[in-house]
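The structure appears right after this line, and notes come after that.
Throughout, a chain's letter reflects where its sequence line sits, starting with A, and its residues are numbered from 1.
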There are 2 protein chains.
Amino acid sequence: MADLTPDLPPEHSLGFQVRRCHRAFDRVLSGHLAPSGLSSGFWYFLRALWQENGATQKRLAQLNNVTEPTAVAVLGAMERMGVIRRERNAVDRRKVNVFLTERADDLKAELMPVAHRINEIAGAGISAAEIETCLSVLQRMSDNLTREATRLSTEPAL
Amino acid sequence: MADLTPDLPPEHSLGFQVRRCHRAFDRVLSGHLAPSGLSSGFWYFLRALWQENGATQKRLAQLNNVTEPTAVAVLGAMERMGVIRRERNAVDRRKVNVFLTERADDLKAELMPVAHRINEIAGAGISAAEIETCLSVLQRMSDNLTREATRLSTEPAL
DNA sequence: TTGCAAAACTTAGATAGCGAAGTATTTTAG
DNA sequence: CTAAAATACTTCGCTATCTAAGTTTTGCAA
């Protein structure tokens, strides 16, 4: 009997390559952060806070494309490490504003060059035009998929 | 005092976009798999086994770019669900060969179209040439980063 | 042949991520 | 003004992932 389900060779699967690349990035990032005693999860929230210090947890979750429970967990760890401070909003007491501590400012000087370096390493031997195309494709795919995920959760059984 | 650490806007960061896209893929995949009672981790191992039924756990970990403990955990769950069967290799008793069960064959017919569909959704409105470029860039970045990760772990303090 | 190194797997403990459900606060509808 | 809905956060329990360290088996070398 012939096999009627065509294969999708991993190398030509967008999902496969994106996943592989993601983990490669994450491993290198973790490797560079470990000497400072930081885990890779911190990085994303630190970067968001360097741009929007005092943001609410919900806002930080959005900037990072993670859910709120994830934000709570990581920010909790960051607070215990003294990198951020959480403050209940006085006007709207549902909100919690997150502020960087002095410690985090030192980290910025230490970590920003690392981020640049990792992007350099990743893009070695790849033309600027190719990288631009890749970034653009990744962005459009994320948008396409986010739309689909929303559709899936709002139209459950279909 | 001027800020001497240049920002890396997330939209122009390869790491950021790859991570965002990865999670978008994973969410949609999970959403499509949930009705079948499967988690997204199963998919990657199933695909590998459809190509190399009977492979060892080490081999499956390599094909998936995950570590051996990860493979053990996911394959354990798959075995408990009756999707695979593990068999100690008679010649070299260190090895464990992994075989698909009948149940997994049914899943192939069910899941392969889903995988194709998700890649279609992701690539909607993007030209074939752009996608080819993106795949190629992702592959080269993964290789660059994997090399760096190896360097980091073999030359610890440098 | 014995003994040590390497290989394949496993266990243990940690971090991220998720969805579902719970709590407190604010907003809105009637 | 009050009840219901929406918002922001939290808690809980799960999966996936990692590193480090342990077990069993095999292979190589003195």
Inset, instruction - Would you name the heavy atoms of B/Phe99 and B/Asn53 that are closest together and state the gap between them? - result: CA-OD1, 3.3 Å

Inset, instruction - Under 4.0 Å between any heavy atoms, over every strand shown, what does B/Thr67 touch: base, sugar-phosphate, or nothing? Just pick one. - result: base

Inset, instruction - Measure from CZ on A/Arg93 to C1' on D/dA8 and round the result to the nearest Å. - result: 13 Å

Legend entry - B/Thr70 vs D/dA16: side-chain N/O to OP1/OP2 distance below 4.0 Å: no

Inset, instruction - Quick one: label B/Val91 by what it contacts on the DNA or RNA (base, sugar-phosphate, nothing), any heavy atom closer than 4.0 Å. - result: sugar-phosphate

Inset, instruction - Let me know the distance between CG of B/Asp26 and P of D/dC14, rounded to the nearest Å. - result: 19 Å

Legend entry - Options C/dT11, C/dA16, C/dC18, nucleotide nearest the side-chain atoms of B/Pro69: C/dT11

Inset, instruction - Grab the two heavy atoms, one from A/Leu14 and one from B/Asn119, that are nearest each other, plus how far apart they are. - result: N-OD1, 3.0 Å

Legend entry - A/Val96 side-chain proximity, nearest of C/dT10, D/dC9, C/dA16: D/dC9

Inset, instruction - Apply side-chain hydrogen bond (donor to acceptor under 3.5 Å, both in side chains) to A/Glu130 and A/Ser127, showing your working. - result: CA-CA 5 Å; A/Glu130 284 176 305; A/Ser127 78; 3.3 Å; yes

Legend entry - Minimal non-hydrogen separation, A/Leu75 against A/Phe45, with atom names: CD2-CD2, 4.0 Å

Inset, instruction - May I ask you to evaluate whether B/Arg86 reaches the phosphate of C/dT10, defined as a side-chain N or O under 4.0 Å from OP1 or OP2? - result: yes

Legend entry - Atom-pair distance (CG on A/Asn97; P on D/dA8), nearest Å: 12 Å

Inset, instruction - Would you mind classifying the nucleic acid contact of A/Arg59 as base, sugar-phosphate or nothing, using non-hydrogen atoms under 4.0 angstrom? - result: nothing

Inset, instruction - Mind checking A/Arg88 for me? I need base, sugar-phosphate or nothing, with any heavy atom below 4.0 Å counting as a touch. - result: nothing

Inset, instruction - Let me know the distance between CG of A/Asn64 and C1' of C/dC18, rounded to the nearest Å. - result: 15 Å

Inset, instruction - Describe the nucleic acid contact of B/Thr56 in one word from base, sugar-phosphate, nothing, applying a heavy-atom distance below 4.0 Å. - result: sugar-phosphate

Legend entry - Short side-chain N/O contact from B/Arg94 to OP1 or OP2 of C/dA5, under 4.0 Å: no

Inset, instruction - Determine the minimum heavy-atom distance between A/Asn144 and B/Ala122, stating which atoms define it. - result: ND2-O, 2.8 Å

Legend entry - Length of the line joining B/Asn89:CG and D/dT26:P, which is rounded to integer Å: 9 Å

Inset, instruction - Give the rounded distance in Å between these two atoms: CD of A/Glu68 and C1' of D/dC9. - result: 7 Å

Legend entry - Value in whole Å for how far the C1' atom of C/dC18 lies from CG of A/Leu152: 15 Å

Legend entry - Upstream residue (5' side of DNA chain C) when A/Gly41 and A/Asp92 are each assigned their closest nucleotide: A/Gly41

Inset, instruction - Please work out which of the three classes, parallel, tilted or perpendicular, describes the rings of A/Trp43 and A/Trp50, given edges at 30° and 60°. - result: perpendicular

Inset, instruction - Tell me what A/Val72 touches on the nucleic acid: a base, only sugar-phosphate, or nothing, going by heavy atoms under 4.0 Å. - result: base

Inset, instruction - Assign each of A/Ser40 and B/Gln57 to its nearest nucleotide of DNA chain C by heavy atoms, then name whichever residue's nucleotide is nearer the 5' end. - result: B/Gln57

Legend entry - Whole-Å gap separating C1' (D/dT7) and NZ (A/Lys58): 7 Å

Inset, instruction - Considering just the side-chain nitrogens and oxygens of B/Ser39, establish if one lies under 4.0 Å of OP1 or OP2 belonging to D/dA16. - result: yes

Inset, instruction - Among D/dT11, C/dG17, D/dT17, find the nucleotide with the atom closest to the side chain of B/Ala73. - result: D/dT17

